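Structure record follows, encoded as structure tokens.
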Amino acid sequence: MPAARLTLTTVSIAAPVVGAVIAASQEKPRMIGAASAGASLVALIAAVWLTPAATGVLAVDALAAAPALAFAALVAALFLIAPSADLTGANCRDLLLCLAGALTLYCAHNPFLLIAGFAVSALPLLIPHAARGRRAALKASIALGLSALLLAAGSIVLMTATSGTSAAFALAAVLLAALIRSGVFPFHSWLFSACERPLPFVAVLSGQAGAFVIARLALPHFPQTALSALPYITNLTIAGSLFTALVALGEVDPKRTLALLRASQNGFIVSGLTSGGLEGITGALVQWVVAAVALGGLILVLRCLEARYSDLSRQEFDGLAARTPRLAAFFLVFSLALVGLPGTLGFCSAELLFHGVLEAHPIFGLALPVAAAISAIVLLRLFSRIFWGRNRTHVPPMPDALLRERLALTAMTLFLIALGLLPHGLITSRVAPAEKLAALTQPLAHQ
Amino acid sequence: MMSELMLIVILGAPLVMALWLAATWLAGLEPGERTISRTTAASFVVATAATGALAWTMYGSGWAPVIVDIGNWFAAGAYSFPILLVVDRLSLPLLALTVVLSGLIGSFSSRYLHREAGYLRFFLLLHVFAFGAEAAFAAGSFNLLIVGWELVGLSSVMLIAFFNQRMAPVKNAIRAFAIYRVTDIGLLLGVFLLHHAAGSASCTLLFRGLWPQQETPLGAGLATAVAICFLFAAAGKSAQAPFSGWLPRAMEGPTPSSAIFYGGISVHLGVYLLLRAAPIIQKSPIAPALVVFVGLVTAILATLSARTASDAKTSLALATLGQLGVIFTEAGLGFERLALLHLTAHAIIRTLQFLRVPSMLRDYRRVHAAAGGNLSRTGLYYEALLPINLRRWLYRLALDRCHLDTLIDRFARDPILQIARRLTAMERAGRAVSIQRSARVLAGTSANEVAGG
């Protein structure tokens, strides 16, 4: 069975690599991209279903299963939803490499593979910018390059460290790499430039590589003597969540607004992971699935609208719900899931996360529900500006969600609502890895 | 077993309807008006029959509470979210009220909204609302109450913005949503405090005895903290001072939704929270006084403001506020039975008044035309006893709805927005500078060129 698992896991990583090679030379690579992402998803499901015990250097364990499946499904959905103009051969290649890298990161039980996955999953944002002359996007390249270097250096030192001091520095480097990649305050600026990129780079934004590195690498190597430092990270990320939500309140550009909300959400996730309690960690592990699907969905709907009507950044009410009611409904459901409204999976994860963080940090933790409330107001304002208002004459006629868009977006919506109504299975599957992580920081929980 | 089945039918009927309407619409198989109105009527008839059967069963058992423990919705560590449903003397009348009034509104709206573009949307939201309100009233734990509470708020906001081609409903919906979300933090924190200190937010564990003679083992300090959090949430939902401004603005929605939300059920949800948490509130040395204070202030300000309202629905909204203030006062004074009776009667009468508004205006015009003038002149009665300067000051105060919106805007909304805009400006300025620096280092180009790029 371990051999089968290794094979299936390897297939799930190899399928997008093969797809990337083929897609690069194609003029219309949508089907190839969708097929290879779909094959990767099926192989991953089979790996999780057939062999629940994790072994080997590439294996989907309990911690990685949910984010890996969510990410593979998101990329497959992206191939269905993305406008044809976005799906050039080069973009499809980058997107599939990003998927392969992310799955390597999630499945790796070897530090070198983990570093490789971390770097490759950021590849679309790392390399092509300067070559395409988009200087404003250099910041993303620098931030992601720096985070990959810090992770590589930190991990290698962590493996070979003989003294406590060098291990502490190495751990600091790993944490810094994870926080930069997460885009939490104050490392969130690169998200803006990433959002300016074409659609496939959404995948990089939706992956929870930074949070995963904290769970996989940083917390297990956290020295017991340094556990007292963990609350400072939690407090920093909580404050960051509030800060970025406030900045989003003043922002008018839809893409930047979503980038800021992504930073705020990642602050929620990291604060839950480092809160030390089982509830907070479980909530964070569920929330990163919710954030990946809901934020991915929001960005995809926005891109669908941009492809139809390129004037979304104006500060006027465009009344697009009259033309595209289904896209409006999808946008609303993803927004509600992201801010934790009942009936969606986001409510369950937010409940656990808030309780866990408030238990550990009763004063600072108060900022978390406040940030969630501000995020909700930001999203409703954004929704109203795009979809409500007079149906202006300058808005051209446009089709509502096409069949392929509707299928993929419905699947994402069903995922959030069905698991929101019946969340027991998913949450129970997150408790086991959360218990392991909580045990690592147990002394902290008893302080 | 029979009672449990009835309760599940009551809650399940609107949920199934909402999911069915959403699914058919999404699939492009939008049902016609007749199908929607008939299935809606059928679902509410079933729910009404189930409510009647439940009431009959409870009557037969001497009004013993019906408790349905479905188990944990989800759990992790010490935290669990129980799906515990309780129907007792407090929740039964409100459940019945919700089912009957929602059914009547559904029947009324099938004609009122005939050929309206958002016909299906209205009925979808009506079912979401009915499910949310029933879930809140039947909740046996404050966790589950949050679910219903939030769904009622969401459907309320979506119906305020029902005519979203006009800007006023959109802006008013955002305002109501902002008030809801901010005040809901009180409910979240109250539930967290109960979990943290008492280990549970289940009513069966928190309260002993039968409503309204219940007691709680919580200490006075914890009870005060929880009560203040709940009062904050209840004030937002029931539009009590200082959050009263959103209720007159919410009248932008269709008249049937105004009736069920702001005359019938939704605005009474805050009162229900106070009545459900009455043992906690009464245990606190200061919370009852705070509830009375909030209620009295709202009643006085609403009465004053109602005298300058220039349209029928706004007059009714302000009259509702006044009554809600009185009900809050009754709840704060510990007259829970009276508050429940008042709430029920008020919900029925106010719903009728809202539904009557469009035809009443036609009747008034006819009567006034026949009489040759306006019959309802004001300012000739008790007001005339006041000095003219005081009357003018009160008039200005009432015209601006006692400055409540102005106060919230000046001391909460505007400063927060100002901070947010400054932070955004700083963010943009910082980004521009750092992009220039990055570009200089990596690409060796001039700052101006980079900024332009």
Side-chain angles (χ1 to χ4, degrees), chain A residues 130 133-136 138-139 141-142 189 192-193 243 246-251 277-279 282-283 317 319 321-322 326 329 336 341-343 347-348 351-352 354-356 358-359 362 366 369-370 372-373 376-377 380-381 384 387-391 406 410 413 423-424 427-428 430-431 434 438, chain B residues 22 25-28 72-79 81 117 128 132 143 146-148 150-151 154 157-158 161 164-167 169-171 173-174 177-178 181-182 184-185 188-189 192 195-196 416-417 419-427 430-431 434-435 438-439 442-443 445 449-450 453:
Chain A
R134 307 250 336 228
R135 288 168 185 150
L138 274 173
K139 201 167 193 172
S141 304
I142 295 167
S189 299
F192 296 118
S193 50
F243 177 85
L246 268 173
V247 178
L249 193 62
E251 185 57 75
L278 183 57
E279 297 93 335
T282 310
F317 290 79
R326 285 181 181 82
L336 298 178
L341 264 272
F347 174 75
C348 311
E351 275 280 302
L352 288 169
F354 290 167
H355 276 265
L358 277 166
E359 282 285 353
L366 288 175
V370 175
I377 295 165
L380 187 75
R381 280 177 58 190
S384 67
F387 293 106
W388 286 345
R390 279 189 298 276
N391 195 1
R406 206 187 293 182
T410 302
T413 306
H424 187 74
I427 290 175
T428 307
R430 302 294 81 209
V431 169
Chain B
W25 175 75
L26 208 55
N72 282 336
W73 192 13
F74 56 88
Y79 179 81
F81 193 116
V128 171
N143 300 70
I146 294 177
V147 174
E150 297 273 13
L151 288 176
L154 177 68
V157 168
M158 289 295 133
N164 56 53
Q165 297 83 2
R166 289 190 288 118
M167 289 316 298
V170 170
K171 289 183 176 170
I174 294 172
F177 184 73
R181 290 303 292 177
V182 170
D184 286 353
I185 293 172
L188 290 172
L189 290 182
F192 165 73
H195 268 279
H196 178 72
I416 291 171
L417 279 178
I419 290 169
R421 284 179 189 136
R422 281 186 184 168
L423 288 176
T424 310
M426 277 167 55
E427 210 27 80
R431 202 150 44 83
S434 65
I435 286 170
S438 310
L442 288 177
T445 51
E449 190 187 337
V450 171

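As the structure is a prediction and not an experimental result, all values here were calculated from the model. In what follows, every chain begins at residue 1, and chains take the letters A, B, ... in the order their sequences are listed.
- Neither the backbone nor the side chain of B:Ala425 comes within contact range of chain A; no heavy atoms are under 4.5 Å apart.
- Once rounded to the nearest 0.5 Å, the distance linking CG of B:Asn143 with NE2 of A:His355 reads 6.0 Å.
- When all heavy atoms of A:Gly389 and B:Met167 are compared, the closest pair comes out as CA-SD, 4.0 Å.
- Here B:Lys171 contributes atom NZ and A:Ser384 contributes atom OG; the two are 10.0 Å apart, rounded to the nearest 0.5 Å.
- Put simply, the side chain of B:Leu151 does not reach to within 4.5 Å of the side chain of A:Leu341, judged on heavy atoms.
- The two atoms that bring B:Met158 and A:Leu380 nearest to each other are CE-CD1, 3.9 Å, heavy atoms only.
- In this structure, chain A has heavy atoms under 4.5 Å from both the backbone and the side chain of B:Leu26.
- The closest donor-acceptor contact from the side chain of B:Thr424 to the backbone of A:Val247 lies under 3.5 Å.
- Contact of the A:Glu359 side chain with the B:Phe192 side chain is registered, since non-hydrogen atoms from C-beta on lie closer than 4.5 Å.
- Of the two parts of B:Ala78, the backbone and the side chain both hold a non-hydrogen atom closer than 4.5 Å to a non-hydrogen atom of chain A.
- Contact detail for A:Ala376 and B:Phe177: the closest heavy-atom pair is O-CE2, 3.4 Å.
- Considering CZ of A:Phe387 and CG of B:Asn164, their distance stands at 11.5 Å, rounded to 0.5 Å.
- A side-chain N or O of A:Glu351 and one of B:Tyr79 form a donor-acceptor pair less than 3.5 Å apart.
- Taking A:Gly356, A:Ala329, A:Pro423 one by one and counting their heavy-atom pairs under 4.5 Å with chain B, the maximum is reached by A:Pro423.
- One finds the CD atom of B:Gln165 at 11.0 Å from the CH2 atom of A:Trp388 (value rounded to the nearest 0.5 Å).
- With chain A as partner, the option from B:Val182, B:Val157, B:Leu154, B:Asp184 having the largest number of non-hydrogen pairs under 4.5 angstrom is B:Leu154.
- Scanning all heavy atoms of the two residues, the minimum distance from A:Pro369 to B:Ile185 falls at O-CD1, 3.9 Å.
- Proximity to chain B (any heavy atom under 4.5 Å) is restricted, for A:Ile427, to the side chain, taken from C-beta onward.
- With contacts defined as side-chain heavy-atom distances shorter than 4.5 Å, the pair B:Leu189/A:Leu358 qualifies.
- Taking all atoms of both residues into account, the shortest heavy-atom contact from B:Ala420 to A:Gly250 is CB-N, 3.7 Å.
- With a 4.5 angstrom heavy-atom cutoff, B:Arg421 touches chain A via backbone and side-chain atoms both.
- The candidate with the highest count of non-hydrogen atom pairs below 4.5 Å against chain A, out of B:Ala75, B:Gly148, B:Gly28, B:Gly132, is B:Gly28.
- Residues B:Phe81 and A:Leu352 are not in side-chain contact: their nearest non-hydrogen atoms beyond the backbone lie 4.5 Å or more apart.
- In this structure, A:Arg326 is positioned above the aromatic face of B:Trp25, its NZ or CZ under 6.0 Å from the six-membered ring centre and within 45° of the axis.
- Here the side chains of A:Leu246 and B:Ile416 are in contact, with some heavy-atom distance below 4.5 Å.
- In this structure, chain A has a heavy atom under 4.5 Å from the side chain of B:Leu188, while its backbone stays farther away.
- Environment of CZ in B:Arg166: crowded, with over 12 heavy atoms of neighbouring residues, nucleotides or ligands closer than 6.0 Å.
- Looking at heavy atoms from C-beta onward, B:His196 lies out of side-chain contact with A:Pro362 at the 4.5 angstrom threshold.
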